[in-house]
Amino acid sequence: MGTFNSSRTVPYIVEDLAPVAQDVMRHFEQQDFEVTETPIPTGGVQVSIRRGGTFKAIIGLRTALNIKIEPVANGSSVEAGVGIFGQQAIPTAITLLVFWPVIIAQVWNMAQEAKLDEEALRVAEESLKAHSEVATGATER
Amino acid sequence: MDRPWFDQDTGTLLLDEYVLERDSYRRIIEDELITDAELVEQTQRVASLLQRLEEVLSPEAKSLATEVLCELAVLNALQVKRLQAASVIPQ
């Protein structure tokens with residue numbers, strides 16, 4: 001776990017992460033979050049979620065909880081952290097601002113208090129597990 | 001901490017000297033290591049101080065303080081950009 005992100009690596013290998021991203025998006029959409037999906041060059045996918053009141057707008061861009069799901073050796077990595085809605089990288093213009101560290105900490109605190117990061121990791125892990133079982137035909141005992 | 005911001009004789013800014021005296025700054029300099037906890041603690045300290053400042057300032061003083069803080073942020077951005085251009089810090 002980093003300063004402003006939560007992550008975990010799970011032992012589930014899923015070739016096509018699109019259905020996993022769909023599961024995560026559906027989960028938060030049902031709670032009135034706005035959601036979007038962004039592909040990651042590593043073959044992974046990023047889901048952004050935001051809802052008014054929790055995530056702040058800076059220079060016309062909205063902060064969001066970005067959930068990155070990526071394939072790693074022997075499994076998948078899931079990471080939830082504060083970023084910009086629908087963007088993989090935070091624009092330089094924002095990171096140059098002296099108050100950005102304060103803003104990112106405040107938004108992260110709000111996300112953590114609502115346990116959004118834990119929820120995102122849990123939902124992604126459950127979906128990865130389900131889709132890896134579908135792919136391998138494995139069943140839980 | 002009622003101390004002058006500028007040297008009365010030379011007109012030079014004294015705030016850097018006050019920064020050097022602060023425990024929050026000394027801790028970073030001593031071990032040259034910035035831990036996650038230190039970063040979180042400092043962001044919380046700054047947010048808390050800004051909230052207190054906003055509460056006590058008159059509308060006129062608040063307007064001036066807003067201008068100062070914004071222009072300081074611009075100056076900091078300029079400095080970071082220059083350091084990036086000189087490859088002192090990664091882009």
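Labels below follow one simple rule: chain letters A, B, ... track the order of the sequence lines, proteins then strands, and each chain is numbered from 1.
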| field | Shared hydrophobic cluster, A:Leu121 / A:Leu128 (ILVMFWY, side-chain heavy atoms < 4.5 Å) | value | yes

| message | Are B:Tyr18 and B:Leu20 linked, directly or through intermediate hydrophobic residues, by side-chain heavy-atom contacts shorter than 4.5 Å (ILVMFWY only)? | response | no

| Side-chain heavy atoms of A:Phe4 within contact of B:Asp36, under 4.5 Å | no

| task | State plainly whether one hydrophobic cluster holds both A:Ile67 and A:Met25, where clusters connect Ile, Leu, Val, Met, Phe, Trp and Tyr through side-chain heavy atoms under 4.5 angstrom apart. | result | yes

| request: Output the residues of residues 52-73 of chain B for which the shortest heavy-atom distance to chain A is under 4.5 Å, in residue-number order; output 'none' if no such residue exists. | output: B:Leu69, B:Ala73

| request: Working to the nearest 0.5 Å, report the span between CD1 of A:Ile104 and CG of B:Leu39. | output: 9.0 Å

| said: Test of understanding: clusters of I, L, V, M, F, W, Y form through side-chain heavy atoms closer than 4.5 Å, transitively. Do B:Leu14 and B:Trp5 belong to the same one? | reply: yes

| query | Going through the distances and angles, do B:Val40 and A:Trp108 end up as a side-chain contact (heavy atoms from CB on, under 4.5 Å)? | reply | CA-CA 10 Å; B:Val40 171; A:Trp108 178 242; over 6 Å; no

| said: Counting only heavy atoms not in B:Ile34 (residues, nucleotides, ligands), do more than 12 fall under 6.0 Å from its CD1? | reply: no

| Heavy-atom count around A:Arg122 CZ within 6.0 Å, excluding the residue itself: above 12? | yes

| task | Taking the side chain as every heavy atom from C-beta outward, state whether B:Gln44 and A:Val102 have any pair of such atoms under 4.5 Å apart. | result | no

| query | Quick check: are there more than 12 heavy atoms from other residues, nucleotides or ligands sitting under 6.0 Å from CG of A:Asn74? | reply | no

| message | Is there a path of hydrophobic side-chain contacts, each under 4.5 Å between heavy atoms, that joins A:Val35 and A:Leu65? | response | yes

| message | Rounded at 0.5 Å granularity, tell me how far CD in B:Gln79 sits from CG in A:Leu96. | response | 11.5 Å

